[in-house]
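All chains are named by letter (A, B, ...) in the order of the sequence lines, taking the proteins before the strands, and each is independently numbered beginning at 1.
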Amino acid sequence: MSIKEKVRNIIKEATLKTIQEKNLSKDDLPEIIVEIPKIDSHGNLSSNIAFLLANMASEDILKTAENIVKNIEREDIVEKVEIAGKGFINIFIAKDCLYKVLCQIEEESERYGCSNFGEEKKVLIEFVSANPTGPLHVGHGRGAVIGDTLANVFSAAGYYVEKEYYINNVGKQAELLGTCVEAEYKNLIGIPMDYPEDGYKGDYIKDLAEKLVKMGGKRYQDWGLDFFVRFTVREILDDIKNVLLSFQVRFNRMFSENTLYDSGKVDECIDILKEKGYTYEKDGALWLKTTAFNDDKDRVLIRENNVHTYFAGDVAYHKDKLSREYSKIINILGADHHGYTPRMECACEIIGYQPGLLEYLLYQLVNLMRDGIQVSMSTRTGEYITLQKVIEEVGSDAARFFFVMRKSDVPLDFDLELAKKKSDENPVYYVQYAHARICSILRQAKEKNIENISASEANLDLLSFPEELNLLFKLSILPDEIISITKNLETHRLANYLVELASMFHSYYAKYRVISEDKELTMARLCMCKAVLFAMRSIFKIIAIQAPDKM
RNA sequence: GCGCCUGUAGCUCAGUAGGAUAGAGCAGCGGUUUCCUAAACCGCGUGCCGGAGGUUCGAAUCCUCUCAGGCGCACCA
């Protein structure tokens with residue numbers, strides 16, 4: 001249990017005791033919030049519980065605070081308790097307790113920050129799921145990094161995570177794509193065929209047609225549209241997978257829409273919807289009555305021409321996912337799809353699953369910039385910067401960091417030049433540099449033959465400067481941070497934490513010397529450095545960027 | 001017109017489940033290296049937290065209204 005969690009429990013116990021003394025019901029216990037005050041003099045942790053309880057018992061706040069403090073069991077970890085402001089309860093953590101964090105980190109090394117909070121519960125995260133109709137663009141990159149990082153966070157917090165990509169390979173778009181390649185191919189081998197007017201532009205269509213010519217010359221001329229669709233989708237998907245791989249993103253499962261049709265699951269699902277009484281026919285089409293829940297209009301499942309809509313397949317897909325007994329299902333989508341989510345949630349309710357199980361995480365769009373000027377992304381003009389080009393240009397590390405460092409609610413300006421800069425303007429290097437510096441210190445220590453002793457043997461009492469204690473405390477809350485991200489899905493917080501930790505370390509580094517004449521002090525500080533190193537590596541692993549030894 | 005997201009320092013953004021004196025990076029100015037990497041550190045900020053009401057011991061944060069920007073409102077996927 002982390003320090004923060006322990007303090008929360010201590011305050012909870014004290015509050016419960018106070019409630020009993022006041023003859024209040026236990027149900028009146030307000031939620032216990034422990035937060036980290038902005039100002040050092042307010043202690044390591046602080047609680048506003050007195051305000052909440054006083055309100056409930058209509059009592060004086062200060063008096064309530066005093067009562068609670070009186071009931072606080074003085075455990076080892078609490079050095080001092082103060083009532084400050086108008087009733088905040090401020091907790092100062094005992095140094096010994098902070099030192100123990102170093103021992104813990106040493107033990108867990110690069111796994112520090114992980115916990116068994118999730119109790120191996122199953123979580124499904126579906127992301128990217130880009131239609132295989134063309135190469136990935138930067139927007140997909142953002143979804144990929146958010147999804148992959150989130151998966152790693154859940155994993156670190158003790159969940160069993162599966163990552164899934166839904167391949168939409170059925171329907172008009174897939175057909176159109178196949179037709180484009182067919183036309184391009186036939187023209188190449190001298191058989192005239194009109195290119196579809198609304199067809200896909202872009203060099204990749206031509207590349208694929210050329211590949212076919214190279215593979216079999218004129219052999220495929222009569223193989224039919226179905227062949228071209230399957231070939232094209234497979235090729236594009238391979239390309240997508242490779243790009244994602246170069247971005248350290250791997251999926252546990254690629255789920256193809258057509259398997260739902262082939263196995264009859266779509267029809268099965270529609271039968272169930274019918275049985276539940278939420279379908280009706282109108283204008284020759286079959287509709288789902290999503291307005292019965294929270295949608296602004298009903299949705300078509302089967303068109304007049306007897307062709308299923310995308311929605312029909314997707315409902316069947318969600319039914320399948322819901323039946324797999326996950327404790328949480330997260331769908332990550334670009335914000336341009338937000339209009340779609342209510343109908344899906346309605347459909348899930350109709351099928352009979354409780355609304356909370358399925359959660360959507362929407363991320364705002366990405367503006368690709370170069371030196372502060374927006375790069376136009378027109379498919380029509382062919383001026384189209386793919387995700388692959390971005391990764392090639394700025395590298396996977398910078399790209400991942402940039403995509404993850406902003407809250408998903410806000411549009412992201414991705415500046416290619418900034419991401420490439422090896423300077424202080426670029427936060428990626430700032431955090432990696434901190435890591436490299438520590439490695440350098442450790443190398444020096446080794447060269448000087450300084451004994452490499454464990455934290456339990458070192459005289460950690462020598463770490464007594466405020467900067468050192470603050471650093472230790474910062475390290476102590478990493479597991480809490482990771483757990484909290486599983487609740488709010490705000491992966492950018494990890495990047496913030498990393499920058500803050502790096503900043504604290506850089507600052508410390510400039511002010512104090514780790515390796516000095518004082519052997520004991522040196523060893524204690526080396527222990528602290530190693531702990532920072534492990535914490536950083538642990539986070540690097542989660543956001544999947546390199547931890548360079550040298551820069 | 002309706003719905004979702006956003007509006008915080010010159011710029012890009014944090015601001016943890018309402019909390020104490022609103023923060024960081026960049027840009028700008030000035031400084032720091034006989035010593036573990038100067039890709040670093042230190043100092044310098046008079047912000048109608050878009051605006052107006054409201055809830056509360058307490059609001060950038062919650063509610064209502066309003067203004068501005070982005071996105072979405074298909075028998076496309």
Side-chain angles (χ1 to χ4, degrees), chain A residues 31 33 35-39 41-42 46-48 51 54-55 61 84-88 90 131 133 168 170-174 176 257 282-287 296-297 299-305 307-311 313-314 334-342 362-365 367 372 405-413 415 418 421-430 432-434 436-445 447-448 477 480-481 484-485 487-488 490 492-493 495-497 499-500 502-503 505-516 522 525-526 529 550-551:
Chain A
E31 200 169 359
I33 298 166
E35 55 182 11
I36 301 162
K38 289 174 201 147
I39 301 161
S41 63
H42 292 159
S46 167
S47 174
N48 64 349
F51 291 94
N55 216 355
I61 296 168
K86 299 156 204 151
F88 292 98
N90 296 337
N131 293 346
T133 53
N168 168 232
V170 175
K172 265 189 202 166
Q173 296 305 319
L176 177 61
E257 183 184 8
K282 193 180 98 185
D283 306 330
L286 183 73
W287 295 71
D296 350 306
K297 55 173 291 192
R299 307 291 172 174
V300 171
L301 290 166
I302 305 177
R303 302 185 184 95
E304 197 179 351
N305 61 8
V307 174
H308 291 76
T309 57
Y310 170 80
F311 180 56
D314 206 17
D336 52 338
H337 290 87
H338 81 262
Y340 183 77
T341 63
L362 299 165
Y363 61 92
Q364 297 291 322
L365 302 187
N367 294 315
M405 75 180 181
R406 294 276 178 254
K407 193 159 55 172
S408 60
D409 291 335
V410 359
L412 174 71
D413 286 342
D415 195 308
L418 178 60
K421 272 188 195 160
K422 304 204 169 188
S423 76
D424 47 3
E425 290 169 70
N426 192 337
V428 189
Y429 292 96
Y430 185 80
Q432 289 185 325
Y433 183 52
R437 264 187 157 172
I438 297 173
C439 290
S440 174
I441 294 171
L442 297 178
R443 278 195 297 272
Q444 293 272 336
E447 272 171 35
K448 294 189 175 159
I477 62 166
D480 301 288
E481 289 287 312
S484 78
I485 294 171
K487 296 173 188 165
N488 55 33
E490 294 181 339
H492 71 283
R493 299 254 285 262
N496 287 347
Y497 178 91
V499 171
E500 283 160 14
S503 164
F505 181 77
H506 281 311
S507 210
Y508 176 76
Y509 177 93
K511 190 164 171 187
Y512 302 99
R513 284 193 62 79
V514 174
I515 299 170
S516 65
T522 300
R525 288 182 173 173
L526 281 172
C529 287
K550 280 185 201 154
M551 283 175 79

Within the structure shown, what part of the strands sits under 4.0 Å from A:H492 by heavy-atom distance: base, sugar-phosphate, or nothing? sugar-phosphate
Does A:V307 reach a base, just sugar-phosphate, or nothing at all? Heavy atoms under 4.0 Å. nothing
Does A:L362 reach a base, just sugar-phosphate, or nothing at all? Heavy atoms under 4.0 Å. nothing
Name the nucleic acid region contacted by A:H506, choosing base, sugar-phosphate or nothing; use a 4.0 angstrom heavy-atom cut-off, strictly under. sugar-phosphate
Under 3.5 Å, is there any donor-acceptor pair linking the side chain of A:H337 to the base of B:G72? no
By the 4.0 Å heavy-atom rule, please label A:K448 as base, sugar-phosphate, or nothing. nothing
What does A:D336 touch in the nucleic acid at a heavy-atom separation under 4.0 angstrom: a base, only the sugar-phosphate, or nothing? sugar-phosphate
Between A:N131 and A:I61, which is nearer to the 5' end of RNA chain B once each is assigned its nearest nucleotide? A:I61
Taking only the side-chain nitrogens and oxygens of A:K550, find out if one of them lies under 4.0 Å from OP1 or OP2 of B:A39. no
Counting Watson-Crick and G-U wobble pairs with both distances under 3.5 Å, what is the dot-bracket string for RNA chain B, 5' to 3', using [ ] for crossing pairs and | for pairs to another strand? (((((((..((((.....[...)))).(((((.......))))).....(((((..]....))))))))))))....
Under 4.0 Å, heavy atoms only, any strand: does A:E304 hit a base, just the sugar-phosphate, or nothing? base
Answer with base, sugar-phosphate or nothing: what part of the nucleic acid does A:F311 contact at a heavy-atom distance below 4.0 Å? nothing
Under 4.0 Å between any heavy atoms, over every strand shown, what does A:E31 touch: base, sugar-phosphate, or nothing? Just pick one. base
Classify A:Y508 by what it touches in the nucleic acid, base, sugar-phosphate, or nothing, heavy-atom distance under 4.0 Å. nothing
Can you check the distance between B:C49 and B:C11, where both ends of the measurement are the P atom (answer in whole Å)? 16 Å
Tell me what A:K487 touches on the nucleic acid: a base, only sugar-phosphate, or nothing, going by heavy atoms under 4.0 Å. nothing
Indicate, with a heavy-atom threshold strictly under 4.0 Å, whether A:A335 touches base, sugar-phosphate, or nothing. sugar-phosphate
Base of B:A40 paired with side chain of A:S507 (donor-acceptor, under 3.5 Å): no
Contact class for A:S516 (heavy atom, under 4.0 Å): base, sugar-phosphate, or nothing? nothing
For A:L442, report the nucleic acid contact type (base, sugar-phosphate, nothing); a contact means any heavy atom under 4.0 Å. nothing
Phosphate contact (B:C75 OP1 or OP2) by A:K297 side-chain N/O below 4.0 Å: yes
